[in-house]
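Written below as structure tokens is the structure these notes are about.
Every chain is numbered from 1 and lettered A, B, ... according to where its sequence line falls, protein lines coming before strand lines.
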Amino acid sequence: MKPIIKNIILNALEKAHKAELLPSSHFTEIIIEEPKAESHGDFSTNIAMTMASVQKMSPKKIAEAILSSIDDPDNIIKDTQIAGPGFINFFINTKAWYPSLAKIFAQDTRFGSENIGKGKKIQVEFVSANPTGPLHVGHGRGAAVGDAVARILSFTGYNVEKEYYVNDSGRQIKTLGTSVFLRYKSILGVDDPFPDDCYQGEYITDIAKNIHSDKKDALLKIDENTAVSYCSKIAAEKILTGIKKDLNSFDVIFDNWFSEQSLFDSNIVKKTIDEFKEQKIIYEKDGALWFKTSDFGDEKDRVVVRNNGITTYFASDIAYHREKFLRGYDEIIDVWGADHHGYINRIKASIEASGTSEKKFHVILIQLVNLLRNGKQVAMSTRSGQFISLKDVIDEVGKDAARFIFLSRHYESPLDFDLEVAKKKTNDNPVYYVQYVHARISSILRKAEETGKIDFSTFDNNISDLLLNEIEEIRLIKALSFYPDTVKTSALQKEPHKITFYLMNLASLFHSYYNKHKVLTDDPKIMQSRLYLVTAVLKTIRNGLTLLGISAPKAM
RNA sequence: GCGCCUGUAGCUCAGCUGGAUAGAGCAACGGACUUCUAAUCCGUAGGCCGGGGGUUCGAAUCCCUCCAGGCGUACCA
């Protein structure tokens, strides 16, 4: 509908210029918006104001010139007005809205998808939590956002791959092995002191028990380093399996699991460092190797190899991101916790240094989650083992509610996640509000089908046969017609919460309609029309929820 | 100190890359179930958009500055 209005205005501008009503042929961009107040029409444009200086005329005069030149062969516009400082408002004929309903039926599960990706290969890397403990709620937010972004991009024509980067190398893995080994020894009666910086959680002891029942006391008889690295390996595998399982039950499926260790095994880290050394981007100072990130906008240079010969995490990350682009992605998105924001500049610097534009690299920074119970903060720390895991949360409040809450605000704002609120089945917890629409409509359709009453054939041939004149019906159709725009901005800005809010608004319009008007009425033509409308709402709600990874129940 | 994020109704948050009278949910108050699912709806009340400057026809939105909170500023990950 918007492009149609835009076109009508453009034609009017040209016509007005030819008729010498407008002196200049320089037209500013036509922006069509939807006014907040219904009294201002269905669409409005500020073109008369933005052209005032170009045309050297008052906005009002320009608006009059445009309106007098408007052609509307398809009889779309019911009324126009010039208002406020120079807005032109358009009121649309009811029947002109109907084709947007037909589009929903025609496109069905694809409704809302515009091909903006054009097959561009894009990678979304998210969660990527260290395999040193179970996922917690913070990871859950990253999982929900990353997965939704991936779904939305994939829906809008991008070729998306979801990747999880596994930090299965380095110090924290060694600490993990040490923690398990100490617990293992303690099972065998050897009680060494358990350091504070080791992982304290119950799951460590469980893994130690497993190893013990498998190996008995064999690990005590071998070299301690070998024993620890054995424990590291077993523990990381075990924990990673658990992570995969938790993500599965959260409906998050990754295409790739990329191992950090593999970067070392295949020598990619070393090769990358060597190449940068040759290019003089990496240099030696104080016995360590430094990356000249400051040449690429970082505030200072960063160490990649310490003076003890051990590479830093940054070294793997440089190699990893370089490797990603070598795999041929047109764009990569990293979803990180906000506490990593200091990392953005140095990664960008390393990407630029590799000869790739940092514009192809996008970071979504997720602010932290405050887990609450009845308004009181729940303490969380992986190291101390004091935490409620993502699994606990899913078990307690359900996958749908958890995902919806994570996606119900901008990821840049900190999130209070209250377990008690998440369990409520009221409007405190809008996931049910939206799902309820789907259930209600499903119920209506079931009832209608039972008596064989659904027949949309007349509308398929002639959409203007619809009888939808109630204001609540027009509001619904209007909202439905804006869905593709919502998906588009959500994709372009990589902001899933826009869809969440759209769905809540659509749900609200539907519930109002439902309470005021009956779908299954005695008048067959009105009933078929309403069934048609309501089915379109059902499809749109279902599509939107799917993009968020939330189910659309047929009954509640 | 420097950097990133945040500050909008009592609470939790939207506000579409500058538009008209700033929106929604919860909480408060008053109403609607012999009716397609009341997990719903209708109404009332609630605001110096953190403060102050600037940019312009027009600012919650852009710029500057100050204040408050969170996070980060490692040869940790």
Side-chain angles (χ1 to χ4, degrees), chain A residues 31 33-37 39-40 44 46 49-50 52-53 58-59 83-87 89 130 132 167 169-173 175 197 285-290 299-300 302-314 316-317 337-345 365-368 370 375 408-416 418 421 424-437 439-448 482 485-486 489-490 492-493 495 497-498 500-502 504-505 507-508 510-521 527 530-531 534 555-556:
Chain A
I31 295 167
E33 34 192 28
E34 303 114 45
K36 275 178 268 184
S39 60
H40 293 145
S44 76
N46 58 1
M49 278 132 78
T50 57
S53 61
S58 76
F87 290 101
N89 297 334
N130 292 345
T132 53
N167 295 119
S169 165
R171 208 179 69 178
Q172 82 284 0
I173 286 295
T175 307
D197 63 348
K285 193 183 92 182
D286 304 333
L289 288 183
W290 297 70
E299 54 199 51
K300 58 178 246 189
R302 310 287 173 177
V303 169
V304 285
V305 181
R306 284 175 261 174
N307 59 12
N308 61 9
I310 295 174
T311 56
T312 60
Y313 181 86
F314 180 46
S316 322
D317 247 2
D339 53 340
H340 284 70
H341 81 259
Y343 227 71
I344 296 176
N345 276 340
L365 270 191
I366 307 222
Q367 291 294 324
L368 81 167
N370 269 320
S408 65
R409 65 211 58 191
H410 195 121
Y411 47 72
E412 275 181 355
S413 95
L415 168 67
D416 287 337
D418 194 310
V421 173
K424 282 192 195 165
K425 301 198 165 170
T426 65
N427 237 346
D428 254 339
N429 194 10
V431 63
Y432 300 112
Y433 186 76
V434 175
Q435 288 183 320
Y436 193 41
V437 173
R440 272 184 152 174
I441 296 174
S442 300
S443 169
I444 294 173
L445 296 179
R446 269 196 303 275
K447 206 144 263 178
F482 293 153
D485 264 358
T486 306
T489 34
S490 173
L492 288 175
Q493 301 179 6
E495 291 180 348
H497 78 280
K498 297 227 148 83
T500 316
F501 280 91
Y502 171 87
M504 289 195 277
N505 180 53
S508 163
F510 173 77
H511 286 311
S512 296
Y513 175 58
Y514 181 93
N515 272 274
K516 197 159 172 193
H517 304 286
K518 249 180 103 90
V519 173
L520 303 176
T521 57
M527 185 182 72
R530 290 182 176 175
L531 283 170
V534 143
M556 284 170 76

**Message:** Quick check on B:A39: is either OP1 or OP2 less than 4.0 Å from any side-chain nitrogen or oxygen of A:Tyr436?
**Reply:** yes
**Prompt:** At under 4.0 Å, does any side-chain N or O of A:Ser512 touch on OP1 or OP2 of B:C42?
**Reply:** yes
**Request:** Mind calculating the distance between CD1 (A:Ile444) and P (B:U40) to the nearest angstrom?
**Result:** 16 Å
**Message:** Quick check for you: among B:G19, B:C16, B:C13, whose closest atom lies nearest to any side-chain atom of A:Pro85?
**Reply:** B:G19
**Message:** Mind checking if A:Ala37 touches a base, just sugar-phosphate, or nothing, with heavy atoms under 4.0 Å?
**Reply:** nothing
**Prompt:** What interatomic distance, in whole Å, is found between P of B:A20 and the corresponding atom of B:G15?
**Reply:** 16 Å
**Message:** Whole angstroms only, please: what is the OH-C1' distance between A:Tyr513 and B:A38?
**Reply:** 19 Å
**Request:** Once you apply the 3.5 Å cut-off to both distances, tell me the Watson-Crick or G-U wobble partner of B:C16, or none.
**Result:** none
**Prompt:** Is the backbone N or O of A:Lys518 less than 3.5 Å from a side-chain atom of A:Thr521, with the two atoms forming a donor-acceptor pair by type?
**Reply:** no
**Request:** Report which part of the nucleic acid A:Tyr432 touches: base, sugar-phosphate, or nothing (heavy-atom distance under 4.0 Å, all strands).
**Result:** base
**Asked** Hey, is A:His497 doing a stacking thing with B:A14, by the 5.5 Å centroid and 30° angle criteria?
**Response** no
**Asked** Looking at B:A38, B:A39, B:A20, which one has an atom nearest to any side-chain atom of A:Arg440?
**Response** B:A38
**Asked** A:Gln367 side chain to A:Asp339 main-chain N or O, any donor-acceptor pair under 3.5 Å?
**Response** no
**Request:** For nucleotides B:G69 and B:G31, find the distance between their C1' atoms and express it as a whole number of Å.
**Result:** 41 Å
**Item:** Who pairs with B:U44 - Watson-Crick or G-U, where each distance is under 3.5 Å
**Value:** B:A28
**Request:** Tell me what A:Lys447 touches on the nucleic acid: a base, only sugar-phosphate, or nothing, going by heavy atoms under 4.0 Å.
**Result:** sugar-phosphate
**Asked** Contact class for A:Thr489 (heavy atom, under 4.0 Å): base, sugar-phosphate, or nothing?
**Response** sugar-phosphate
**Message:** Return the pairing partner of B:G1 with a 3.5 Å limit on both distances, Watson-Crick or G-U wobble; otherwise return none.
**Reply:** B:U73
**Prompt:** When we call it a touch if two heavy atoms are under 4.0 Å apart, what does A:Lys498 touch: a base, just sugar-phosphate, or nothing?
**Reply:** sugar-phosphate
**Prompt:** With rounding to whole Å, what would you report as the distance between B:C4 and B:C63 at their P atoms?
**Reply:** 12 Å
**Prompt:** What does B:G7 pair with, Watson-Crick or G-U, if both distances are under 3.5 Å?
**Reply:** B:C67
**Complete:** Glycosidic torsion of B:U17 (syn if within 90° of 0, anti otherwise) classifies it as syn
**Asked** A:Gln493 has an atom CD; how far is it from atom P of B:A14, in whole Å?
**Response** 14 Å
**Message:** Need one value for A:Thr521: base, sugar-phosphate or nothing, where a base atom within 4.0 Å counts as base even if backbone is also close, heavy atoms only.
**Reply:** nothing
**Prompt:** Rounded to whole angstrom units, what separation is found between the CZ atom of A:Arg530 and the C1' atom of B:U35?
**Reply:** 14 Å
**Message:** Taking only the C1' atom of each, what is the distance from B:G52 to B:G7 in whole angstrom?
**Reply:** 16 Å
**Asked** Looking at the side chain of A:Arg409, which of B:G19, B:U12, B:U21 is the nearest nucleotide?
**Response** B:U12
**Asked** Is A:Asn307 reaching over with its side chain to a backbone N or O of A:Ala288, donor-acceptor style, under 3.5 angstrom?
**Response** no
**Item:** Whole-Å P distance, B:A60 and B:U55
**Value:** 16 Å
**Request:** Keeping the roles fixed (side chain from A:Thr489, backbone from A:Asp485), state whether a donor-acceptor pair exists under 3.5 Å.
**Result:** yes
**Asked** Expressed in whole Å, how much space separates the C1' atoms belonging to B:C29 and B:A45?
**Response** 8 Å
**Item:** Whether A:Phe314 and A:Tyr343 hold their rings parallel, tilted or perpendicular, with breakpoints at 30° and 60°
**Value:** perpendicular
**Request:** Whole angstrom is fine here: how far is it from NE2 in A:His511 over to P in B:G43?
**Result:** 16 Å
**Request:** Kindly say if A:Lys36 contacts the phosphate of B:G15, meaning a side-chain N or O under 4.0 Å from OP1 or OP2.
**Result:** no
**Prompt:** Do A:Ser508 side-chain atoms and A:Met504 backbone N/O form a donor-acceptor pair below 3.5 Å?
**Reply:** no
**Request:** Find which nucleotide of RNA chain B each of A:Ser443 and A:Ser44 is nearest to by heavy atoms, and output the residue with the more 5' nucleotide.
**Result:** A:Ser44
**Request:** Encode nucleotides 69-77 of chain B as B, S and - characters from 5' to 3', where the letter depends on protein heavy atoms closer than 4.0 Å: B to the base, S only to sugar-phosphate, - to neither.
**Result:** -SBSSSBSB
**Fill in**
Side-chain atoms of A:Lys518 come closest, of B:C13, B:A39, B:U35, to B:U35
**Request:** Could you tell me whether A:Ala448 contacts a base, only the sugar-phosphate backbone, or nothing, with contacts defined as non-hydrogen atoms closer than 4.0 Å?
**Result:** nothing
**Request:** Give none if B:U37 has no partner; otherwise give the nucleotide forming a Watson-Crick or G-U wobble pair with it, both distances under 3.5 Å.
**Result:** none
**Request:** For A:Phe87 and B:A20, say yes or no: do the ring centres fall under 5.5 Å of each other while the ring planes differ by less than 30°?
**Result:** yes
**Message:** Between B:G19 and B:G23, how many Å separate the two P atoms, rounded to a whole number?
**Reply:** 14 Å
**Message:** Test side chain to side chain contact (heavy atoms under 4.5 Å, CB included) on A:Tyr411 and A:Leu365; report intermediate values, then the result.
**Reply:** CA-CA 7 Å; A:Tyr411 47 72; A:Leu365 270 191; 5.9 Å; no
**Proximity to the side chain of A:Glu33 - top-ranked nucleotide from B:C41, B:A14, B:G19** = B:G19
**Request:** Can you tell me the pairing partner of B:A22 across any strand shown, Watson-Crick or G-U wobble, with both distances under 3.5 angstrom?
**Result:** none
**Asked** Angle class for the A:Tyr513/A:His517 ring planes (parallel below 30°, perpendicular above 60°, tilted otherwise)?
**Response** tilted
**Asked** CG of A:Asp418 versus P of B:C26: gap in Å, rounded?
**Response** 16 Å
**Message:** Check for me whether A:Arg440 meets the cation-pi criterion with A:Phe510, that is, NZ or CZ under 6.0 Å from the six-membered ring centre and within 45 degrees of the ring axis.
**Reply:** no
**Prompt:** Can you check the A:Asp416 CG to B:A14 C1' distance for me, whole Å?
**Reply:** 16 Å
**Message:** In whole Å, measure the gap between the C1' atoms of B:U6 and B:G50 for me.
**Reply:** 11 Å
**Exam field: side chain A:Asn308 to backbone A:Ile310, donor-acceptor pair closer than 3.5 Å** = yes
**Nucleotide nearest A:Tyr514 when distance is taken to its side chain, options B:C13, B:U37, B:C41** = B:U37
**Message:** Can you tell me which nucleotide in B:U37, B:G15, B:G19 comes closest to the side chain of A:Thr50?
**Reply:** B:G19
**Asked** In whole angstroms, how far is the P atom of B:U12 from the CE atom of A:Met504?
**Response** 16 Å
**Message:** Nearest to the A:Asn515 side chain among B:C36, B:A39, B:U40, which nucleotide is it?
**Reply:** B:U40
**Asked** What is the pairing partner of B:C49, taking Watson-Crick or G-U wobble pairs with both distances under 3.5 Å in any strand?
**Response** none
**Prompt:** A:Asn89 near the nucleic acid: base, sugar-phosphate alone, or nothing, with a heavy-atom cut-off under 4.0 Å?
**Reply:** base
